[in-house]
Amino acid sequence: RYRLGIVDQDGLPHNATASTLRLRAGVRTAEWNGLSSQIEGEAITVLGKTKYNDTVNGKLSYPVVADPEDVLLNQAFVRWKPVPQIEAVAGRQAVKIDNQRWVGSVGWRQNDQTLDAARLTARPAKTITVDYLYVWRVNRVFGPDSPQGIWHDTEIHGVRAGYAIKNVGTLSAYGYWLDIPSQPSSSSRTLGVRMAGELPAGGKSMFLYAAEYARQHDYGANPRSFGLDYWLIEPGVKTGPFTFKAGYERLEGNGKVGLQTPLATLHAFNGWADKFLTTPANGLRDVYLDASYKVPGKGVLTGLTLRAAWHDYGSTVGGIAYGREWNALASYPLDKRFTLTAKLARYEADAFATDTTKLWFQVEAKF
């Protein structure tokens with residue numbers, strides 16, 4: 001994956017230009033008596049001069065692009081599947097749960113977020129899935145050279161149960177207990193429920209929906225005491241190659257602390273400018289619209305995806321207008337192996353952060 005990222009951020013003397021290349025390769029064994037394994041390494045290098053703050057190089061006069069150079073072990077795990085209904089995975093792994101709002105692999109960054117973990121999945125019935133996750137180390141996207149690149153000696157437990165309802169969607173309930181000694185403010189206990197799916201709406205149209213509620217409390221090493229709510233309501237419609245969504249997401253704050261999702265694929269939420277990777281103490285309210293179009297058929301543009309989104313951000317206490325953001329994307333598969341992507345984020349600040357424009361051009365090849 002080659003990527004050119006350009007960032008213009010008010011308040012900093014220089015614009016960032018990040019020209020990075022990632023090579024990732026691995027080996028996955030065939031299954032033997034239910035056992036299999038995978039090992040995967042990656043190398044990330046900068047092409048040309050390093051004109052950006054990669055979070056470890058000390059170039060604080062440039063905007064942050066969290067893609068530092070590195071050579072590292074990305075995944076290494078053993079999988080055991082003694083029967084079709086049970087699967088266990090132990091070792092370093094990329095974990096993605098539901099829409100990755102609470103646990104994800106941050107696939108947009110050149111270096112994945114991976115977990116040193118044990119995960120057990122049971123499928124007692126065709127429509128029921130139960131997951132348990134235990135994590136003792138978090139390998140973050142910043143890499144091992146960053147003070148925040150690795151969270152050691154964590155005590156993280158996650159439980160999720162999902163029930164697929166025919167022609168309705170999937171109902172899931174979950175709990176995440178995060179005790180992170182090296183980052184106490186990210187320690188929390190979160191219990192929640194989510195319902196998401198799609199319903200026929202006549203012809204080639206589908207009604208899309210997602211609704212979620214969670215309650216988060218302090219836990220483990222966190223020195224603060226709080227109880228905060230999470231809400232998501234996201235209706236939408238898909239008709240042929242068009243998809244439209246509207247959304248309301250609320251991460252509550254009380255003026256001293258905001259609800260946090262430190263293991264999430266954060267870039268996928270609250271705008272691609274990445275202004276809200278940490279929820280402000282006054283909370284975050286995100287009202288958004290999202291539209292996409294994927295060219296159908298067998299013509300030369302088949303598979304071309306165009307997407308645009310708009311966000312309006314505010315606080316959950318104090319009535320603060322944070323700002324607005326526009327996102328746009330074009331992605332085109334040259335063939336089954338090569339994909340071209342161009343992506344834009346424009347954040348316009350009112351009372352949070354500063355005006356920021358980000359632009360990316362990317363070529364990715366998979367073999």
Side-chain angles (χ1 to χ4, degrees), residues 1 3-20 51-55 59-68 99-101 104-111 113 140-142 148 232 234 245-251 253 258-262 264-292 305-316 320-331 341-362:
R1 176 198 279 174
R3 178 185 295 158
L4 175 65
I6 301 168
V7 184
D8 179 357
Q9 181 175 320
D10 282 8
L12 291 173
H14 302 296
N15 294 342
T17 301
S19 176
T20 58
K51 296 183 178 180
Y52 67 100
N53 177 6
D54 67 4
T55 73
K59 296 194 174 185
L60 303 182
S61 62
Y62 290 88
V64 169
V65 179
D67 291 324
N99 64 341
Q100 303 188 55
R101 197 13 156 163
S105 65
V106 199
W108 172 248
R109 298 261 60 95
Q110 295 287 50
N111 178 31
Q113 174 175 273
R140 307 181 74 215
V141 299
F142 310 107
Q148 286 299 315
L232 171 70
E234 188 184 78
K245 294 180 181 180
Y248 173 85
E249 187 178 34
R250 178 186 173 94
L251 293 81
L259 180 145
Q260 305 296 335
T261 63
T265 295
L266 291 166
H267 181 75
F269 300 89
N270 311 128
W272 299 334
D274 289 338
K275 292 299 180 180
F276 298 99
L277 301 180
T278 299
T279 307
N282 288 312
L284 173 63
R285 183 268 304 146
D286 181 5
V287 177
Y288 58 92
L289 300 173
D290 192 316
S292 63
T305 298
L306 303 174
R307 182 180 174 191
W310 171 83
H311 297 261
D312 181 80
Y313 306 113
S315 66
T316 63
I320 304 169
Y322 289 152
R324 296 154 306 284
E325 182 171 336
W326 287 95
N327 296 155
L329 175 144
S331 180
T341 302
K343 190 171 173 179
L344 170 69
R346 170 60 182 171
Y347 176 76
E348 299 173 349
D350 285 335
F352 185 86
T354 58
D355 290 358
T356 301
T357 301
K358 296 187 177 185
L359 182 62
W360 301 271
F361 299 97
Q362 178 176 291

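Throughout, residue positions are numbered sequentially from 1 according to the sequence presented. Side chains included, hydrogens not; waters and symmetry mates left out as well; all remaining heavy atoms used.
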W360 and H267 aromatic ring geometry - parallel, tilted or perpendicular at 30°/60° bounds: perpendicular
Indicate the atoms forming the closest heavy-atom contact of [X] with [Y], along with that distance.
X    : Y    : value
L344 : W272 : O-CE3, 3.8 Å
F352 : P280 : CE1-CG, 3.6 Å
A264 : V106 : O-CG2, 3.7 Å
A273 : Y347 : CB-CB, 3.9 Å
A246 : L289 : CB-CD2, 3.8 Å
F361 : A342 : CD2-CB, 4.1 Å

Note, Y322 side chain near S315 side chain (heavy atom, < 4.5 Å): yes
Check: D274 and L266 side chains under 4.5 Å, non-hydrogen atoms: no
Taking [Y]'s backbone N and O only, do any of them form a donor-acceptor pair with [X]'s side chain (distance below 3.5 Å, no angle check)?
X    : Y    : answer
T279 : L259 : yes
Q260 : T278 : no
T316 : G253 : yes
Y313 : N270 : yes
T357 : D355 : no
Q100 : S105 : yes
Q113 : G104 : yes

Could you grab the distance from atom [atom1] of [X] to atom [atom2] of [Y], nearest 0.5 Å is fine?
X    : Y    : atom1 : atom2 : result
L232 : L251 : CG    : CG    : 9.5 Å
L12  : S61  : CG    : OG    : 7.5 Å
N15  : I6   : CG    : CD1   : 9.0 Å
Y62  : T17  : OH    : OG1   : 8.5 Å
T55  : R140 : OG1   : CZ    : 9.5 Å
F276 : D286 : CZ    : CG    : 8.0 Å

Partner set under salt bridge (Lys or Arg N to Asp or Glu O under 4.0 Å) for R324, not counting sequence neighbours: E348, D350
Partner set under salt bridge (Lys or Arg N to Asp or Glu O under 4.0 Å) for D67, not counting sequence neighbours: R3, R109
Steps toward side chain to side chain contact (heavy atoms under 4.5 Å, CB included) verdict (R1, Q110): CA-CA 8 Å; R1 176 198 279 174; Q110 295 287 50; 2.8 Å; yes
Candidates R285, H311, R101 - the one meeting side chain to side chain donor-acceptor pair (under 3.5 Å) with E249: R101
Atom NZ of K59: over 12 foreign heavy atoms under 6.0 Å: yes
Y288 vs E325, side chain to side chain donor-acceptor pair (under 3.5 Å): CA-CA, chis, key distance, verdict: CA-CA 9 Å; Y288 58 92; E325 182 171 336; over 6 Å; no
Candidate pair V141 and W108, rule side chain to side chain contact (heavy atoms under 4.5 Å, CB included), full reasoning: CA-CA 10 Å; V141 299; W108 172 248; over 6 Å; no
